[in-house]
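Just follow the structure's listing: the first ligand is 1, and inside any ligand the first atom is 1. The basis for the numbers below is simple: all heavy atoms, side chains too, and nothing from hydrogens, waters or symmetry mates. For clarity, every value in this text was computed on a predicted model and none was experimentally measured.
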Amino acid sequence: MDLNLKGKVAVITAASKGIGKSIAEGLLNEGVKVLISSSNRENLRQLDAEFSEKGFTGYSLEVCDLNLKSDIERLFAKAILEFDTVDILINNCGGPKAGAPSSMNDSDWQKGYEHTLLSAVLLTSLAVEEMKKNKWGRIINITSLSVKQPIDNLTLSNAFRSALTAYAKTLSLEVGQYNITVNNIMPGYTLTERLDHLAAIKADERGIDKAEILREMAENVPLKRLGKPEEIANITVFLCSDAAAYINGTSIPADGGLIKTI
Ligand SMILES: NC(=O)c1ccc[n+]([C@@H]2O[C@H](COP(=O)([O-])OP(=O)(O)OC[C@H]3O[C@@H](n4cnc5c(N)ncnc54)[C@H](OP(=O)(O)O)[C@@H]3O)[C@@H](O)[C@H]2O)c1
């Protein structure tokens, strides 16, 4: 299927590793020009080395700490300076702090809000103005299966990704008239550093091996395995395309069937 994405301009956040990195790679494979960001310059340098080695061109890198409004504004300004516009925005973020509701203090809530919800709202507001001019746009938020089925101990993720989902739906009602679609992808258990970290926390709590926790997670998935980052990337890239032009205002799971709803 020709996704017809060649020459489009995408901005992606939190993309030095894991799911974000795979999405950046998927978009580059389709000939999209991609501004890739994360909060750590060294991680971006390593990504640059890897992508250059793979022969990718047409991407640019920028440090953007999603907890800093000034970084978000600078990221958007760089996209315009370098690529003239923004057609596609992928709002990804690092996982917010894990913990039970009783363990969260005011500062945790504030940071979780800024990182998981406000950053996406700020960047989206900037990008939408460009997309309106182009009469074409794709906004995709990487959320979590926790939106449909809250996960024990992930208080901030459960709360703020649900809020982001509600915001996305509301935005889709406003910007659909400009041929801009707004959707969310809900990854299930996907093998990245984040999942490894969460498995390590659980393993410590239960006094067992991390590998055992990862095995249990896989066993809970109907497909009996963990997801791969590129499997989240594939559906994300498809949603960016014209082939997905009539999919709007929704959340799509990429979870191997893990969410127990119909
Ligand atoms: N993996 C899963 O099973 C799973 C399931 C459901 C939802 N999710 C969600 O999907 C998202 C991506 O997860 P992942 O598994 O790909 O995580 P990951 O492998 O840990 O990657 C996280 C990315 O976030 C970046 N990041 C961290 N703090 C940041 C900040 N303050 N500002 C900007 N970027 C920042 C990291 O780069 P730097 O350190 O270079 O900044 C890294 O590139 C997360 O929000 C996660 O909670 C993951």
TODO: Would you sort out whether N134 and T85 count as a side-chain hydrogen bond (donor to acceptor under 3.5 Å, both in side chains), showing the intermediate values?
DONE: CA-CA 9 Å; N134 299 340; T85 193; 2.9 Å; yes
Open item on the list: Using salt bridge (Lys or Arg N to Asp or Glu O under 4.0 Å), reason through E212 and K202 one step at a time and then give a plain yes or no.
Closed with: CA-CA 10 Å; E212 184 54 33; K202 277 205 166 135; over 6 Å; no
TODO: Give the intermediate values and the outcome of side-chain contact (heavy atoms from CB on, under 4.5 Å) for residues T124 and L171.
DONE: CA-CA 10 Å; T124 298; L171 181 70; 3.4 Å; yes
TODO: For salt bridge (Lys or Arg N to Asp or Glu O under 4.0 Å), just list the numbers for E129 and K133, CA-CA rounded to whole Å, side-chain angles, deciding distance to a tenth of an Å, and then say yes or no.
DONE: CA-CA 7 Å; E129 291 313 309; K133 282 188 232 158; over 6 Å; no
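With a heavy-atom cut-off of 4.0 Å, C64 touches ligand 1 through its backbone alone. The proximity of N43 to ligand 1, defined as any non-hydrogen pair under 4.0 Å, is limited to the side chain. Only the backbone of T143 comes within contact range of ligand 1, with a heavy atom under 4.0 Å; no side-chain atom does. When heavy-atom distances to ligand 1 are checked against a 4.0 Å cut-off, R161 comes that close only through its side chain, counted from C-beta outward. Using a 4.0 Å cut-off between heavy atoms, H115 contacts ligand 1 through its side chain alone, with no backbone atom that close.
Within ligand 1, counting atoms from 1 as listed, the ones closer than 4.0 Å to a heavy atom of E193 are 19 (O). Each of the atoms 44 (C), 45 (O), 47 (O) of ligand 1 lies under 4.0 Å from some heavy atom of G95. Atoms of ligand 1 found under 4.0 Å from any heavy atom of L66, numbered from 1 in the order shown, are 30 (C), 31 (N), 32 (N), 33 (C). Residue G94 has at least one heavy-atom neighbour below 4.0 Å for each of these atoms of ligand 1: 24 (O), 27 (C), 44 (C), 45 (O). Residue contact check: D65 has heavy atoms under 4.0 Å from atoms 30 (C), 31 (N), 32 (N) of ligand 1. Of all atoms in ligand 1, numbered sequentially from 1 with element shown, those under 4.0 Å from a heavy atom of G18 are 16 (O), 19 (O). Of all atoms in ligand 1, numbered sequentially from 1 with element shown, those under 4.0 Å from a heavy atom of L195 are 3 (O). Less than 4.0 angstrom separates some heavy atom of Y189 from each of these atoms of ligand 1: 3 (O).
S37 does not count as a contact of ligand 1, since none of its heavy atoms falls under 4.0 Å from the ligand. The shortest separation from a heavy atom of L145 to ligand 1 is not under 4.0 Å, leaving the residue out of contact. Ligand 1 lies within reach of C93, whose nearest heavy atom is under 4.0 Å from it.
At the shortest separation from atom 3 (O) of ligand 1 among protein heavy atoms lies T190 N, 2.7 Å. Protein heavy atom in closest approach to atom 14 (P) of ligand 1: T192 OG1, 3.6 Å. The protein atom (non-hydrogen) at minimum distance from atom 4 (C) of ligand 1 is G188 O, 3.8 Å. For atom 17 (O) of ligand 1, the nearest protein heavy atom (residue, atom name, distance) is R194 CB, 3.2 Å. From the protein, the heavy atom lying nearest to atom 42 (C) of ligand 1 is S16 OG, 3.7 Å. Protein heavy atom closest to atom 41 (O) of ligand 1, with residue, atom name and distance, is S39 OG, 2.5 Å. With hydrogens left out, the protein atom closest to atom 40 (O) of ligand 1 is S38 OG, 2.6 Å, a heavy atom. Closest protein heavy atom to atom 23 (C) of ligand 1: A14 O, 3.5 Å.
Between the side chain of T116 and the backbone N or O of G95, no donor-acceptor pair lies under 3.5 Å. Without hydrogens or angle criteria, S125 side chain to L123 main chain gives no donor-acceptor distance under 3.5 Å. A donor-acceptor pair under 3.5 Å links the side-chain atoms of T155 to the main chain of G99, judged by distance alone. Looking at K8, its side chain never comes within 3.5 Å of a backbone N or O of D87 through a donor-acceptor pair. For the pair E231 (side chain) and K228 (backbone), a donor-acceptor distance under 3.5 Å is present.
Here atom 11 (C) of ligand 1 lies nearest to N92 when heavy atoms of I142, N92, I19 are compared.
There is no side-chain donor-acceptor pair under 3.5 Å between N248 and T181.
The aromatic rings of Y59 and F51 sit perpendicular to each other, their planes meeting at more than 60°, with 30° as the lower class boundary.
Qualifying side-chain hydrogen bond (donor to acceptor under 3.5 Å, both in side chains) partners for E114, counting only residues two or more places apart in sequence or in other chains: Q110.
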Distance-only check: which donor-acceptor pairs under 3.5 Å involve side-chain atoms of residues 237-247, not counting sequence neighbours?
| residue | atom | partner | partner atom | Å |
| --- | --- | --- | --- | --- |
| S241 | OG | F238 | O | 2.6 |
| S241 | OG | A243 | N | 3.2 |
| D242 | OD1 | W136 | NE1 | 3.0 |
| D242 | OD2 | N4 | ND2 | 3.3 |

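Look at R45 and D48 and you find no salt bridge, because none of the NZ, NE, NH1 or NH2 atoms lies under 4.0 Å from a carboxylate O.
More than 12 heavy-atom neighbours from other residues, nucleotides or ligands sit within 6.0 angstrom of NZ on K97.
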